[in-house]
Amino acid sequence: MRTLAFILIGLLLLGAALALSRPAWRPRVALGFIVAWLAVSAANLGVGLSHGYSLAEELLVHLFLFGLPALAAAWAWRRFTTDTGPGN
């Protein structure tokens with residue numbers, strides 16, 4: 001349940017950051033989110049390791065904790081950097 005909550009929080013933070021940013025800044029916000037989310041996920045990994053879990057146990061979980069919101073941010077970056085000029 002904690003894993004699902006962590007992923008949902010990441011997706012909600014990404015959505016809020018994109019919704020509150022100017023359209024021209026959204027690609028940069030998406031990339032900045034990936035960097036920030038990596039830092040948050042790394043800190044969470046450190047907490048798990050400090051509670052006695054092994055790195056092997058934590059890596060698969062953290063692949064999803066970081067990966068799903070980061071994948072959504074990468075999708076948003078791609079969506080907002082595509083050329084939407086006249087004729088497209």
Side-chain angles (χ1 to χ4, degrees):
M1 187 66 180
R2 184 177 179 277
T3 301
L4 181 60
F6 197 86
I7 292 169
L8 288 175
I9 288 169
L11 293 172
L12 288 172
L13 286 173
L14 172 63
L18 291 173
L20 295 174
S21 65
R22 295 179 181 177
W25 281 73
R26 288 181 182 155
R28 285 177 241 161
V29 168
L31 291 178
F33 173 82
I34 293 173
V35 173
W37 194 245
L38 178 61
V40 169
S41 296
N44 189 42
L45 175 64
V47 169
L49 294 174
S50 72
H51 286 292
Y53 292 101
S54 72
L55 184 60
E57 291 172 318
E58 289 286 307
L59 278 181
L60 182 61
V61 172
H62 279 79
L63 175 67
F64 288 101
L65 291 180
F66 169 72
L68 292 176
L71 186 62
W75 175 82
W77 173 80
R78 177 78 173 141
R79 181 175 180 265
F80 291 122
T81 56
T82 55
D83 184 20
T84 57
N88 286 339

**Message:** Show every side-chain hydrogen bond (donor to acceptor under 3.5 Å, both in side chains) that has at least one partner inside residues 33-46, sequence neighbours left out.
**Reply:** R2-N44, N44-H62
**Prompt:** Quick one: side chain to side chain contact (heavy atoms under 4.5 Å, CB included) partners of L4, sequence neighbours excluded?
**Reply:** L8
**Request:** Take F66 and I34 through the side chain to side chain contact (heavy atoms under 4.5 Å, CB included) test and state the conclusion after the steps.
**Result:** CA-CA 9 Å; F66 169 72; I34 293 173; 4.1 Å; yes
**Message:** Hydrophobic cluster membership, with links at side-chain heavy-atom distances under 4.5 Å among I/L/V/M/F/W/Y: are I9 and V40 in one?
**Reply:** yes
**For the student: nearest non-hydrogen atoms of G10 and F33, plus distance** = O-CZ, 3.3 Å
**Item:** Residues which pass side chain to side chain contact (heavy atoms under 4.5 Å, CB included) with L71, listed by chain and number, not counting sequence neighbours
**Value:** none
**Message:** Is there a path of hydrophobic side-chain contacts, each under 4.5 Å between heavy atoms of I/L/V/M/F/W/Y residues, joining W75 to L31?
**Reply:** no
**Close side-chain approach of L68 and L11, heavy atoms under 4.5 Å** = no
Review item, side-chain donor-acceptor pairs of residues 12-24, under 3.5 Å, at least two apart:
from	atom 1	to	atom 2	distance (Å)
S21	OG	A17	O	3.3
S21	OG	L18	O	3.0

**Message:** Applying a strict under-4.5 Å side-chain criterion to I, L, V, M, F, W and Y, I'd like to know whether L49 and L38 cluster together.
**Reply:** no
**Message:** Which residues pass the side chain to side chain contact (heavy atoms under 4.5 Å, CB included) test with L59, not counting sequence neighbours?
**Reply:** L55
**Item:** Contact list for residues 45-56, test side-chain hydrogen bond (donor to acceptor under 3.5 Å, both in side chains), sequence neighbours left out
**Value:** S54-E57
**Item:** R28 CZ: over 12 foreign heavy atoms closer than 6.0 Å
**Value:** yes
